[in-house]
Number of protein chains: 2
Amino acid sequence: MDAKHPVRTTEKTLTLVEELMRRGPAGVTELAEGVDMGKSAVHNHLTTLRDHGYVLKTGDRYQLGLKFLEVGGSIRKSMEFYQVAEPEIKSLADETGELANLLVEEQGTGVYLMRSKGEDAVDLDTYAGLRTNLHTTALGKAVLAYLPESRVEEIIERHGIEPETPRSIGSREELFDALESVRERGYAIDDGERLEGLRCIGAPVKSSSDEVLGAVSVSAPMSRVSDEELHGELSERVLSAANVIELNINY
Amino acid sequence: MDAKHPVRTTEKTLTLVEELMRRGPAGVTELAEGVDMGKSAVHNHLTTLRDHGYVLKTGDRYQLGLKFLEVGGSIRKSMEFYQVAEPEIKSLADETGELANLLVEEQGTGVYLMRSKGEDAVDLDTYAGLRTNLHTTALGKAVLAYLPESRVEEIIERHGIEPETPRSIGSREELFDALESVRERGYAIDDGERLEGLRCIGAPVKSSSDEVLGAVSVSAPMSRVSDEELHGELSERVLSAANVIELNINY
DNA sequence: ATAAGCGTTCTGTGAATCAGAACGGTAGCG
DNA sequence: CGCTACCGTTCTGATTCACAGAACGCTTAT
């Protein structure tokens, strides 16, 4: 639901922040054109953000500062789910040698909380903090499968089901079918849907009251993981990691 | 330098964000008292932040959302220094079994970019994004030692030299002496200065034009690292990691 | 029942945001 | 070597809009 009385000045500041995130280091005039504000207004907002550490200035260019990482990091650190899961994700990565990931749902989209690279891990362009559609990844499907159906409907309504690649899910029926098989198997698969040649396997983590807290996954190149391994050893490792996290969180 | 024409509304929003960071989930009235604003104003700011994903509402409580991690993560990911150093820090942690850290200087303070836990690593309360005074850690001293003296003076002026514990550096002379020995040895030591029983060893990473980009460190409990190891094998490993990063960054 | 607390909405007014113009500095060009 | 063009910054005044305070509906405690 939208705010009844939004603070327009704050909205301008936030627009500017997002413009800076898109562009990286940029000048005042450039930004002013990008966000459709006057130069003086942009300048005032930037210097204000600078005073508080959110923006840095080098020469005549402004850029976002690590204050955002400070705030974001402190939020993440305060999440019990992250604290408990962190060492398990690391083990998962080290044991499999592949890329292990941790994701939570927030506002209908997925947010990567961390990723840990094993010895042979592929180098994806994911990173802690990255947002992703839930229906396009194994992680997301693992979460959706154990969310109440009403929430899934809400999320579809709010974010749609755009396929990101030819192979990925692109309709309501496909999605609900997929979620059904996730529930049958207990884990979710992404077989080259998001990236050609990449296989992912994701498992949900649930609280003692059966609410989904997030999901765990491993991503590996197809060349290294046969169908047999996928549904055998690898899925077992991922499920086991998810299980350990569940046990540790519920004491 | 402070902004000539600060945007006061934006400052209020930022104050609110910091209050939320301190308190964690909180209600409107509580926050209004904390930041000395009217309830309606606080409410308007919170709902505006919420519309943009920076704040979440659960029940009647507001809290910061992972949007901050999204912005912070994207900034970190865009830093070449981080990209190059990340795998080396992980190796350093795995090889030593201890806690390895990566830090950059920003606005006169140190910011942890990442930390990686080896098998036996101590569990400090540091985290990616955490800010720290430069003169109180091995990482910070490694950076300060290779910053131009004028910058060091600026930083002292701006942030002071408060000792955090009885053992830590508390005066200008002590600091400059310490920095001199860092330059002689090539690495910095923190021998229980920040935390009783904890030893850290930090090495600077410099660019091809001899500017400090940041620092690398390993933290370990005193019980596991003798003086001999500290100045022998351990320092060599840390220096070697720093060196590899330098080489990779300068191609 | 009553009261005390909450989050939210509303309204008028005093404050402050911001467009646009003006300024000083720098870089590019003929 | 002027001349120009563009930059970031400062300034100012008119219009917008942020916000204190009061009122409202709701939940919880007494």
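Predicted model, so just to flag it, every value in this text is computed and none were measured.
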Nearest whole angstrom, please: distance from the [atom2] of [N] to the [atom1] of [X].
X       : N      : atom1 : atom2 : value
A/Leu31 : D/dT9  : CG    : C1'   : 15 Å
B/Glu30 : C/dG5  : CD    : P     : 15 Å
A/Leu46 : D/dC7  : CG    : P     : 15 Å
B/Glu11 : C/dA15 : CD    : P     : 17 Å

Practice prompt. Report the distance from atom CD1 of B/Ile161 to atom CZ of B/Phe176, rounding to the nearest 0.5 Å.
Written response: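 Separation between the atoms: 7.5 Å.
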
Verify the contact: side-chain N or O of [X] to OP1 or OP2 of [N], cut-off strictly under 4.0 Å; return yes or no.
X       : N     : value
B/Thr47 : C/dT8 : no
A/Tyr62 : D/dC7 : no
A/Lys57 : D/dT9 : yes
B/His43 : C/dT8 : yes

Worksheet, complete the sentence: Per atom distances to the A/Lys4 side chain, the nearest of C/dT9, D/dT9, C/dC6 is C/dT9

Worksheet item: On DNA chain D, nearest-nucleotide positions of A/Asp60 versus A/Pro6: which is more 5'?
Response: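 Closest to the 5' end, via its nearest nucleotide, is A/Asp60.
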
Worksheet item: Given that B/His5 and A/Glu33 both sit by DNA chain D, which one's nearest nucleotide is further toward the 5' end?
Response: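 Checking each residue's closest nucleotide, the 5'-ward one belongs to A/Glu33.
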
Worksheet item: Would you call A/Arg131-A/Glu106 a salt bridge at under 4.0 Å N-O?
Response: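 Looking at A/Glu106 together with A/Arg131, the answer is yes, because their closest N to O distance falls below 4.0 Å.
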
Worksheet item: In terms of side-chain geometry, is the basic nitrogen of B/Arg8 or B/Glu11 positioned less than 4.0 Å from the acidic oxygen of its partner?
Response: no

Using nucleotides 19-25 of chain D, report all nitrogen or oxygen pairs with the protein that are shorter than 3.5 Å.
from: D/dC19; atom 1: OP1; to: B/Lys12; atom 2: NZ; distance (Å): 2.9
from: D/dC19; atom 1: OP2; to: B/His45; atom 2: NE2; distance (Å): 2.6
from: D/dA20; atom 1: OP2; to: B/Gly38; atom 2: N; distance (Å): 2.6
from: D/dA20; atom 1: N7; to: B/Ser40; atom 2: OG; distance (Å): 2.8
from: D/dG21; atom 1: O6; to: B/Ser40; atom 2: OG; distance (Å): 2.9

Discussion item. Run B/Glu86 and A/Arg115 through salt bridge (Lys or Arg N to Asp or Glu O under 4.0 Å) and show every step you take.
Written reply: CA-CA 12 Å; B/Glu86 200 228 87; A/Arg115 45 150 235 189; 2.9 Å; yes

Worksheet item: Taking C-beta and beyond as the side chain, do B/Phe81 and B/Val205 meet within less than 4.5 Å on heavy atoms?
Response: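 SC-SC contact between B/Phe81 and B/Val205 confirmed.
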
Discussion item. Assess, by modelled atom type and distance only, whether the side chains of A/Thr137 and A/Asp190 contain a donor and an acceptor separated by less than 3.5 Å.
Written reply: no

Worksheet item: Which pairs count as side chain to side chain donor-acceptor pair (under 3.5 Å) when at least one residue sits in residues 33-50 of chain A, sequence neighbours excluded?
Response: A/Thr13-A/His45

